[in-house]
Asks: 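Here it is, the structure, as structure tokens.
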Amino acid sequence: MNREEVRAYVNQYCKLRDLQFSAYELHARKYNLTSKELFVLDLIWFAEDGCLQSEICERLSASKQTISAIIKKFWKLGYLSLTESETDRRNKIVRFTDTGREYAKNIIPPAANAEIDAMAELTEKDITELIRITTMFSKCMKEKFNEIKGTDFSDEKQP
């Protein structure tokens, strides 16, 4: 395939990726949130024992400052509690307060259910193929972006 043909596929894929991301963005906006704030709430919601700020940064490929600002916002609203990690006192474990869980219960479970319902529309074979190909493409993207001067994803986990 020549580069123009590949570029057409890249454009098609990007439109699909943007469509998926816009679904999150629109859901977040209903609650006066950014998509990044929505993703932070989602990670905390599904972390039974809470999660470390560093884990949130890593999972969302976000800076410590960005995640700290989001967590601080929700902490000031009384939605989150922060406790020191026993293994690393510099790192905080983030958990919902009762008020925060009450706030997030109308935001996160409906979004999670929409994701599950959308995926359930596919066959198991299609789901497996989607994950397999997305994993391959993500790995290749990461490698190619690492080749660009000034971009380094080497400290992040592989997909």
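In this chain, numbering begins with 1 at the start of the sequence shown.
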Asks: Could you check whether Y103 and Y31 have their ring centres less than 6.0 Å apart?
Replies: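 They do not qualify: ring centres at least 6.0 Å apart.
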Asks: Without hydrogens or angle criteria, can the side chains of S138 and T135 be said to hold a donor-acceptor pair below 3.5 Å?
Replies: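 No, T135 and S138 have no side-chain donor paired with an acceptor closer than 3.5 Å.
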Asks: Is the closest side-chain heavy-atom distance between I93 and E84 below 4.5 Å?
Replies: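 Side-chain contact under 4.5 Å: no.
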Asks: Does any part of the side chain of F39, heavy atoms only, come nearer than 4.5 Å to the side chain of I56, both counted from C-beta?
Replies: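 No, their side chains stay 4.5 Å or more apart.
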Asks: Which heavy atom in L38 sits nearest to a heavy atom in A28, and how many Å separate them?
Replies: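 Result for this residue pair: CB-CB, 4.0 Å.
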Asks: Check this for me: D98, atom CG, are more than 12 non-hydrogen atoms of other residues, nucleotides or ligands nearer than 6.0 Å?
Replies: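 Open: at most 12 neighbouring heavy atoms sit under 6.0 Å from CG of D98.
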Asks: Please check if atom OH in Y9 has more than 12 non-hydrogen atoms from other residues, nucleotides or ligands closer than 6.0 Å.
Replies: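 No - once you tally the heavy atoms of other residues, nucleotides and ligands closer than 6.0 Å, there are 12 at most.
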Asks: What's the shortest heavy-atom distance between Q53 and I67, and which atoms?
Replies: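 Smallest interatomic distance, heavy atoms only, reads O-CG2, 4.3 Å.
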Asks: Is E4 salt-bridged to R7, cutoff N-O under 4.0 Å?
Replies: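 Salt bridge: no.
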Asks: Using a 3.5 Å distance criterion without hydrogens, assess whether the side chain of R95 forms a donor-acceptor pair with backbone atoms of L80.
Replies: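 No, because the side chain of R95 does not come within donor-acceptor range (under 3.5 Å) of the backbone of L80.
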Asks: If you take all heavy atoms of K36 and T66, which pair is closest and at what distance?
Replies: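 Shortest heavy-atom separation between K36 and T66 comes out as CG-CG2, 4.4 Å.
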Asks: Check the surroundings of atom CZ in R59: do more than 12 heavy atoms from other residues, nucleotides or ligands lie under 6.0 Å from it?
Replies: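 At most 12 heavy atoms, drawn from other residues, nucleotides or ligands, come within 6.0 Å of this atom.
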Asks: Is the number of heavy atoms from other residues, nucleotides or ligands under 6.0 Å of R17 CZ greater than 12?
Replies: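 Counting other residues, nucleotides and ligands, CZ of R17 exceeds 12 neighbours.
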Asks: For K64, look at atom NZ and say whether over 12 heavy atoms of other residues, nucleotides or ligands are found less than 6.0 Å away.
Replies: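 No, the 6.0 Å shell around NZ holds no more than 12 heavy atoms from other groups.
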Asks: Assess whether a salt bridge exists between E143 and K139, defined as any Lys/Arg side-chain N lying under 4.0 Å from an Asp/Glu carboxylate O.
Replies: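 Answer for the salt bridge query: yes.
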Asks: With a 4.5 Å heavy-atom cut-off, do Y13 and F137 have their side chains touching?
Replies: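 The answer is yes, as the side chains (C-beta and beyond) meet within the 4.5 Å cut-off.
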Asks: Would the number of heavy atoms belonging to other residues, nucleotides or ligands and lying under 6.0 Å from OH of Y24 be above 12?
Replies: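 Check fails, neighbour count at 12 or below.
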Asks: Looking at N2, I'd like to know if its CG atom is crowded, meaning that more than 12 non-hydrogen atoms belonging to other residues, nucleotides or ligands lie closer than 6.0 Å.
Replies: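 It does: N2 CG has more than 12 such atoms within range.
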Asks: Has E5 got more than 12 heavy atoms of other residues, nucleotides or ligands less than 6.0 Å from its CD?
Replies: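 Result for CD/E5: enclosed.
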